[in-house]
Each structure stands twice: as structure tokens, then as C-alpha cells.
Amino acid sequence: MATDLSRSVHVTPKSKFVRHTKVPTVIFETSSELAKYVASVVADLIRKKNEAGVSTILGLPTGSTPLGVYRELIRLHNEEQLDFSNVITFNLDEYWPMDPDSIHSYHKFMHENFFDHVNVKPENIHIPRGDIAAEDVDSFCEEYEHSIEKVGGLDLQLLGIGRSGHIGFNEPGSARNSLTRLVNLDPVTRRDAASGFFGEDNVPHHAITMGVGSILAAKKIIIMALGEHKAPVVKRAAEDEVTDEVSASFLQTHTNSLFAVDSAAAAELTAMKTPWIVGNIEWTPQLEKKAVIWLTREVGKPLLKLETEDFLHNHLHQLIHKHGSVGQIRQRVFDELLEGICTKPAGVDPKRVIVFSPHPDDDVISMGGTLITLADQGHDVYIAYMTSGNIAVFDHDALRHIDFVLEFHKLFHPDDQATLTHLQNLKEDIDSKNAGDLDTPEMLGIKGLIRKTEATAGAEVAGVPEERLRFLNLPFYQTGQVSKKPIGEEDIAIVADLLREINPHQIYVAGDLSDPHGTHRVCAEAVINAVDVVAEEGIAPEFWMYRGAWEEYEPHEIERAVPLSPEVVLRKREAIFKHESQKDSAFYPGSDKREFWVRAEDRTRNTATVYNDLGLPEYFAIEAFKHYHGEL
Ligand code: F6R
């Protein structure tokens with residue numbers, strides 16, 4: 001049966017306007033809803049202007065955030081005749097120096113992701129040039145400003161936001177009235193860009209960007225943010241003081257600006273994080289749990305020691321009104337957390353379990369202790385590695401492995417000249433590679449093999465034998481680059497086939513909202529869609545989610561806590577160590593510099609401390625899980 005992709009996961013028409021922010025903010029449940037909304041604003045504007053026979057002047061961003069908007073605009077062009085022939089565009093920025101033909105250039109990005117698929121006239125496209133000589137930069141920037149003025153200014157400016165608070169590349173310290181100019185990139189920005197550049201060292205130090213003043217001159221501004229990693233800066237920009245430390249906070253001074261965020265990026269906004277502080281709210285059992293756990297931290301007491309005054313003095317009088325007294329609610333939250341502690345995650349009778357691991361190390365990094373526990377308790381544990389993870393292997397690691405095979409052949413097959421020459425050539429190919437060159441399919445294959453053998457060794461330590469490992473190699477990942485294809489029918493079919501083959505009682509899926517490249521999210525969507533497909537055939541496993549290496553569930557979200565003994569934590573560490581290509585310094589560490597095993601141990605020990613502080617049993621470490629209830 002074909003899967004209806006339009007019925008894509010957790011897409012609901014719900015969105016929520018937030019008061020109490022200084023920039024009006026609308027929160028969408030998912031990134032695709034957000035993209036559809038923003039694209040519809042752009043499309044409405046273009047249609048209105050087209051009807052009036054005047055040009056639409058758009059300011060456009062690059063980055064991962066607007067990709068969904070561009071995809072939707074392309075769809076509107078193809079399917080609903082949205083006409084871009086009278087649209088004039090100005091891009092925010094470009095790295096400098098940067099050849100427009102480079103795979104890293106924003107010229108390339110814009111053409112590949114948008115301009116090549118719609119009918120914007122080439123002469124109407126403006127993108128700062130990264131290939132102009134240093135002495136010409138100032139006059140180029142002045143000219144860029146003039147060309148915006150000449151067409152009457154920007155009707156609509158779309159923006160993303162960097163973790164440094166930048167809009168365009170206006171890094172901390174940029175003045176409110178700054179104009180288009182050459183800037184230095186903030187270290188945070190360079191680190192975030194590292195994955196796209198195959199390492200931080202290759203990220204340019206400079207860029208040409210429109211200024212804060214150039215952006216604020218737009219008639220309307222929509223700033224977008226997706227993912228948990230943006231949540232702190234969204235709060236600073238939308239709620240806190242206006243400061244040149246966070247350029248996006250200057251949007252508070254613009255009369256027609258809007259923050260469009262997904263629920264993950266909204267998580268730190270007061271209205272989301274502690275809604276009881278900002279006014280009357282509709283209490284749900286989940287929100288009550290969140291509030292009571294928050295209160296324990298505010299007053300520094302465990303759950304069962306909370307008193308009426310604590311509630312009254314900390315904005316939670318509504319809860320007392322609702323329940324009459326604190327005793328019942330205090331006990332309910334305590335009992336729920338206690339009941340969630342589980343030392344036999346798949347029960348007593350032998351079960352079939354599939355752990356879905358987006359990359360070949362998420363299994364052991366994120367839930368290695370539970371994996372060990374499940375295997376030790378005699379369950380049939382299968383691990384499905386969803387992607388090869390081949391783009392995250394350093395060239396020098398590939399070189400070392402090729403060298404091993406070469407030496408092996410010299411020793412045991414010295415007469416096999418063809419193989420020896422081939423291996424020698426492979427080594428030379430790596431030696432002569434320039435930073436940023438894409439890998440050949442053969443090299444990607446070698447890197448994939450490295451990760452496959454590491455995963456096999458890691459699983460072995462965890463107690464899962466090779467015959468229970470499945471390497472799915474989902475097609476969406478196979479671009480050889482950081483940017484991936486969206487999930488497709490083929491991806492879903494592969495996962496559905498595996499579910500049919502194993503018919504598991506229980507599955508574990510990485511339910512991430514914020515991995516740097518979105519791979520976890522796409523993998524989760526593949527499983528969610530596949531589970532839908534096989535449900536019609538009577539296959540309905542218990543569905544648990546874990547968080548990847550980047551975040552952990554908040555205590556109120558945790559529905560199952562699996563305690564880990566010191567011995568299990570050590571074995572988990574050994575399993576993570578088998579992923580040698582990701583050790584010491586990983587290719588894509590994200591913004592966290594700690595090694596994966598350190599992150600994993602800090603995180604599980606921290607969860608144990610949180611439980612201890614709440615007055616629950618004291619454990620050495622805890623892995624946390626959430627039931628899948630229809631959203632990540
Ligand atoms: C890109 C730009 C930047 C990005 C920001 C967020 O043209 O000007 O301000 O919008 O760095 O990037 P992503 O969307 O990749 O998180």
C-alpha cells in the first residue's frame with residue numbers, strides 16, 4: 001500500500017499566538033506548518049502586488065531554517081501558478097571570500113534550493129558577492145544598499161536567527177543603524193557552520209551582510225526559528241531587553257515584525273516554560289506535573305515536602321484552588337514518577353525488541369544502558385542502524401584503514417598487483433584532496449564500512465550479536481553531503497519491511513527535535529509512518545522514544561526511567577569507545593565540545609540527581625524514555 005506522505009507526522013493545523021513577548025510570536029506545532037504559513041504570507045503578498053502590477057521586493061535568508069519555506073514556494077509555483085516574474089530579491093549575506101560557484105556559497109544554495117525552480121528573473125536576483133577584492137568591498141556594499149533603495153525598499157524580509165543572536169551575519173556588537181558591510185563571524189556561528197564546511201577550520205572568518213539598519217528598514221519582517229537549540233536565543237530576542245549583544249532583539253523596535261517558531265524553539269519563552277507566571281492557564285495533568293516539579297526547584301525541596309505556602313508564593317495558587325489542597329497533587333506527581341522507574345524495560349517474558357539508531361552510535365550513546373539491560377535480561381534485541389553515518393568520518397581515519405588493507409595485501413597477497421595499485425591510488429586520492437572536496441562513492445563506501453564495523457563491535461559489547469544487526473542505509477541520507485533529501489516512500493517501505501520481519505513487541509526510536517542536521521527527525525518520521533503502515537496488518541509494538549546526544553527530556557516529560565548500575569555505565573562506556581571514528585574529536589560534535597561518552601554519562605547521572613532531589617530513590621544513573629503519543 002502506498003503511504004500518503006501528505007498525512008505526514010504530527011501535522012495539525014494548530015498554532016498559538018503568544019502574548020507577553022515583545023515581538024509578536026506565533027508558535028507552530030511543526031516546522032512544516034510553520035513553512036506553509038510563512039510561504040502563504042509571501043505568496044499572498046506576491047499575488048496582491050502582481051494584481052496591482054507592481055514588483056514585490058523580498059529580503060531572503062539562507063541556512064537550514066527557510067528550506068521548508070522555499071520548498072513550499074516552489075510547490076505553489078508548480079501547482080498553483082504562483083508567478084515570480086515580477087519579484088525582486090535581495091539576499092542577506094554571503095561568506096567572504098567565497099567563489100559563487102563553491103558548494104559552500106550562498107549563491108549556490110539559493111539557486112539549488114529556490115531560484116532554479118521558480119521564475120524569478122536572473123536580473124532581479126541580488127546576492128552579496130563573496131568574490132570581490134578587499135579594496136572594492138566598501139563600494140560594493142554601498143551599491144547594494146542603493147539597489148534596495150532604488151526599488152523602493154524591502155516589502156518583506158524573511159530571517160533566520162543564529163545561536164549568537166545574529167540576523168543576517170550581524171554578530172553581537174552590531175549597531176542598530178548598521179548597513180551592509182564586511183563583518184567578522186562570531187566563534188559560535190563558525191562552529192555551527194562547521195559541519196557544512198567539513199570542519200570548523202574551513203569556515204570563512206568573514207562575511208558581507210546587510211546591516212541591522214538595512215533589515216529594520218523593511219516594511220514587514222518575519223523571523224523564523226526551529227529546534228530546541230534555538231530556544232534560549234529566541235527567548236532573549238523576543239522577551240528580554242533590547243541589546244546589541246543579541247541583534248535579533250532590535251526587532252522589538254520594529255512595528256511590523258513577527259517571530260514564527262516551532263514548539264521546540266519556543267520552549268524557553270515564559271508562556272511555554274512557566275505559563276503560570278504570565279496569567280490564567282488551562283491546567284492539564286501534564287502541566288500540573290511540570291509546575292510542581294518546577295516548584296521543587298524554585299524552593300529547593302523534594303516533592304513530598306512541598307507546603308501550601310510554597311504554592312501560594314510561587315504563582316501556583318490556581319492549583320490549590322483547583323485541587324483544594326496540595327496533598328493530592330503532590331502525591332500524584334510523586335507516584336507517577338515513582339511508577340515510571342523500571343528495572344525490567346521489556347518485562348519478564350522474552351520479547352522481541354528493535355532499537356532504531358539513526359546513526360551507527362546513537363544506540364549505545366543514548367540508550368546503551370537500557371540496551372545492555374534488555375540483552376542481559378534475555379530479550380531478543382535487534383538494532384536497526386538507519387543511516388551509514390559515512391559523512392562523519394575524517395579522511396585521516398579512512399586513510400588509516402586503507403593503509404591497513406594495503407599492508408595486509410602486501411603481507412598476504414603480494415602478487416595481487418591490481419589490488420595493491422588500487423589501494424595505493426586511494427591513499428593518494430585522499431592525500432591530494434582539497435578541503436571541502438566531496439567524497440567519491442567509493443570513499444563514502446569505505447567510510448560507511450568503518451562505521452558499520454564500529455557499530456558491530458559496540459553492539460557486541462552491549463550483548464547484541466551481529467546476526468541481530470540491520471544496516472538499513474535509508475536512501476534519504478545518501479547524498480554524500482550534510483543536506484539530505486526529505487523522507488520518501490522508499491525509506492518508509494524499508495522500515496515497514498523490517499517491522500514485518502521482526503514483528504517486535506517493543507521499539508525504541510530517537511525522538512529528537514534538535515540534532516544539528518535533522519537526520520534524527522527524518523529517521524523518526526520514517527519509523528512513525530512505517531508503524532502506521534504495518535498497524536493495518538496487526539503489527540503494533542509498544543513505542544518508546546529516547547533523546548539523542550543533544551538534549552534530555554525534562555523530568556515532567558519522562559514516562560519511563562531505567563536505572564543503571566555503575567557496572568552497566570562502565571559497559572556502556574566501553575560500547576561507546578568502539579566508535580573510534582567519533583572519539584576524541586567527532587566530525588560533527590554540534591555545539592557541545594564534550595566527547596559523546598562524557599555527554600552520555602553526565603546526562604544519565606544528572607537525571608539520577610534530579611530524581612534524587614525530587615525525593616525519589618537514589619540511583620547511580622538513569623536513562624529516560626517517553627511513550628510516543630502522536631508527537632515527538
Ligand atoms: C543566513 C543568515 C543567518 C541564518 C542563521 C540561522 O542567510 O543570514 O542569519 O539565518 O544563522 O541559520 P540556520 O537557519 O541554518 O539555523
Side-chain angles (χ1 to χ4, degrees), residues 31 34-35 38 58-71 89-96 98 104-115 125-130 144 154 157-172 174 178 180-197 203-204 206-212 214-216 218 221-234 236-237 246-251 259-262 264-265 481-484 513-519 521 550 588 590-591:
S31 56
L34 183 151
V38 175
L58 297 179
L60 298 178
T62 54
S64 57
T65 313
L67 282 171
V69 178
Y70 292 141
R71 263 201 291 271
T89 67
F90 290 89
N91 262 83
L92 281 165
D93 40 26
E94 175 60 285
Y95 292 106
W96 186 89
M98 179 59 67
H104 303 302
S105 85
Y106 283 168
H107 279 254
K108 191 99 178 161
F109 175 99
M110 286 307 296
H111 283 279
E112 276 181 0
N113 291 297
F114 188 46
F115 295 136
I125 295 171
H126 304 82
I127 306 175
R129 293 198 67 101
Y144 204 71
L154 300 168
Q157 173 72 61
L158 300 185
L159 297 173
I161 179 170
R163 285 191 316 119
S164 66
H166 70 213
I167 46 177
F169 277 135
N170 292 284
E171 300 291 14
S174 298
S178 52
T180 305
R181 67 204 186 286
L182 185 69
V183 292
N184 286 316
L185 294 178
D186 192 83
V188 171
T189 301
R190 294 189 61 248
R191 205 172 309 142
D192 284 352
S195 54
F197 279 88
V203 181
H206 298 95
I208 294 177
T209 181
M210 281 167 55
V212 178
S214 339
I215 292 169
L216 292 179
I221 301 175
I222 300 180
I223 176 163
M224 302 172 277
L226 302 174
E228 269 158 314
H229 58 304
K230 295 286 174 72
V233 79
V234 167
R236 290 186 73 192
V246 179
S247 299
S249 69
F250 286 119
L251 296 178
F259 238 120
V261 296
D262 69 355
Q481 297 184 45
V482 170
S483 55
K484 308 294 183 322
L513 300 174
S514 64
D515 77 295
H517 310 130
T519 298
R521 197 189 265 270
W550 296 276
Y588 297 125
S591 50

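Ligands are counted one by one from 1 in listed order, and the atoms in each one are counted from 1 as well.
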Distance-only N or O hit between ligand 1 and Tyr106, under 3.5 Å: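 The answer is no, given that Tyr106 and ligand 1 share no N or O pair closer than 3.5 Å.
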Within-cut-off N or O pair, Gly168 and ligand 1, under 3.5 Å: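 Yes, there is a polar N/O contact under 3.5 Å.
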Distance to 0.1 Å, residue and atom name: give those for the protein heavy atom nearest to [atom].
atom: atom 10 (O) of ligand 1; answer: Gly160 CA, 3.3 Å
atom: atom 8 (O) of ligand 1; answer: Asp93 OD2, 2.4 Å
atom: atom 1 (C) of ligand 1; answer: Thr62 OG1, 3.0 Å
atom: atom 15 (O) of ligand 1; answer: Ser64 N, 2.8 Å
atom: atom 11 (O) of ligand 1; answer: His166 NE2, 2.6 Å
atom: atom 6 (C) of ligand 1; answer: Ile161 O, 3.3 Å

Scan side-chain atoms only and decide if [X] and [Y] contain a donor-acceptor pair under the 3.5 Å cut-off.
X: Asn184; Y: Arg190; result: no
X: Arg181; Y: Ser214; result: no
X: Asn91; Y: His126; result: no

Parallel, tilted or perpendicular: rings of Tyr106 and Tyr95 (30°, 60°):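 Tyr95 and Tyr106: tilted rings.
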Ligand 1 contact by Lys230, heavy-atom criterion under 4.0 angstrom: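 Lys230 counts as a contact of ligand 1 under the 4.0 Å cut-off.
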The single option from Val38, Leu34, Leu251, Val69 passing side chain to side chain contact (heavy atoms under 4.5 Å, CB included) against Ile222: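 When side chain to side chain contact (heavy atoms under 4.5 Å, CB included) is applied between Ile222 and each of Val38, Leu34, Leu251, Val69, only Val38 qualifies.
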For Leu92, the option from Leu60, Leu159, Ile127 that meets side chain to side chain contact (heavy atoms under 4.5 Å, CB included):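 It is Leu159, the one option of Leu60, Leu159, Ile127 that forms the side chain to side chain contact (heavy atoms under 4.5 Å, CB included) with Leu92.
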With sequence neighbours excluded, residues passing ring-ring contact (aromatic ring centres under 6.0 Å, His included) with His166: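 With neighbours one apart ignored, the set is Phe169.
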For ligand 1, the portion of Thr65 having any non-hydrogen atom under 4.0 Å away: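 The answer is both.
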Nearest non-hydrogen partners of Gln157 and Met210, listed with the distance: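 Where Gln157 meets Met210 most closely, the heavy atoms are OE1-CE, 3.5 Å.
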I'd like to check which ligand 1 atoms, numbered from 1 as shown, lie under 4.0 Å from a non-hydrogen atom of [X].
X: Gly63; result: 14 (O), 15 (O)
X: Pro61; result: 7 (O)
X: Leu92; result: 8 (O)

Side-chain donor/acceptor of His104 to backbone N/O of Phe109, under 3.5 Å: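 Judged by distance alone, no pair lies under 3.5 Å.
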